[in-house]
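The structure appears right after this line, and notes come after that.
As the structure lists them, so they are numbered: ligands from 1, and atoms in each ligand from 1. Computed over heavy atoms, backbone and side chain alike; hydrogens, waters and symmetry mates excluded. Heads up: numbering here begins at 1 and tracks the sequence.
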Amino acid sequence: MHLDLSFFCNMDIINNIENIRKEIPQGVTLIAVSKTKPEEDIMQAYSCGQRVFGENKAQELKQKHADLPEDIQWHFIGHLQENKIKYIINFVTLIHSVDSLKLLKEINKRAATCQRTVDCLFEMDISHEESKFGLSEKEVYSILQSEEYKQLNNIRICGVMGVGSITDDPNQTRKEFKELKNIFNNLKQTFFQDKDYFKEISMGMTGDYPIAIEEGATLIRIGSKIFGARDYSKNNTEQA
Ligand SMILES: *Cc1c(COP(=O)(O)O)cnc(C)c1O
């Protein structure tokens with residue numbers, strides 16, 4: 001018997017994903033950012049083949065991982081507190097938001113206890129806005145040159161991530177994404193030339209992903225354009 005599930009579906013989510021897919025070239029992975037959204041919405045996206053999802057709260061992610069299909073790849077894209085690493089360490093596919101050596105060491109320690117090597121990106125400060133997280137290029141160099149970093153056998157640095165400024169000026173956005181790509185190139189040359197896994201540039205959200213793609217993004221993180229606006233009035237809070 002064939003069940004027509006579309007009756008139950010929010011077809012918008014599927015249409016939105018299909019429209020975005022038409023715009024993204026090969027080599028760019030779409031991360032569906034499902035933070036604050038219910039599991040039914042994630043299953044809608046899943047039903048049209050989406051397997052990569054992004055979340056920014058460790059406990060919310062732990063719950064969704066427990067409830068939803070095994071073959072989903074979960075990316076952590078939010079600010080990660082050290083005491084929350086334990087909720088996600090045994091399944092997370094990629095942590096986009098490493099912004100200190102201290103956090104990296106803690107991720108490494110937790111990853112070792114579950115015998116994993118966990119892929120990470122350095123979050124770079126490209127917007128230079130007070131409210132945002134991220135490292136300077138200088139800080140990343142000093143991490144990568146440190147003796148402590150060399151001892152970390154249970155993490156793997158796969159590239160960089162950045163969040164663009166909130167601005168209506170596409171030139172500003174483009175400038176920031178060019179800066180991120182530049183940092184990626186420098187790090188690749190200096191530290192990761194022979195490391196095939198160092199290949200990711202995570203940039204671009206609903207408002208700026210077309211520019212990010214033009215400037216060399218390999219991972220784009222799209223929430224509202226897929227799932228609609230988020231409602232933080234219920235019980236969710238978000239750091240800007
Ligand atoms: C929420 C969030 C996104 C998605 O934002 P949209 O504008 O809804 O596409 C992407 N990246 C990060 C780091 C986020 O926190």
For atom 11 (N) of ligand 1, which candidate among R221, K35, E55 holds the nearest heavy atom?
R221
Is the closest basic N to carboxylate O distance between K181 and E215 below 4.0 Å?
no
Which of the atoms of ligand 1 are close to R230, meaning less than 4.0 Å from one of its heavy atoms?
1 (C), 5 (O), 6 (P), 8 (O)
N or O contact, S224 vs ligand 1, cut-off under 3.5 Å
yes
Which of the numbered atoms in ligand 1 are under 4.0 angstrom from any heavy atom belonging to I222?
9 (O)
Identify, by atom number and element, the atoms of ligand 1 in contact range of G223, meaning under 4.0 Å from any of its heavy atoms.
4 (C), 6 (P), 8 (O), 9 (O)
Rounded to the nearest 0.5 Å, how far apart are CG of L80 and NZ of K84?
9.0 Å
Are E39 and K64 close enough for a salt bridge, meaning some N to O gap below 4.0 Å?
no
Contacting atoms of ligand 1, where contact means under 4.0 angstrom from a heavy atom of T206
6 (P), 7 (O), 8 (O), 9 (O)
Under 6.0 Å between the ring centres of F198 and F184?
yes
Below 4.0 angstrom, N of the basic side chain to O of the carboxylate: do E82 and K102 qualify?
yes
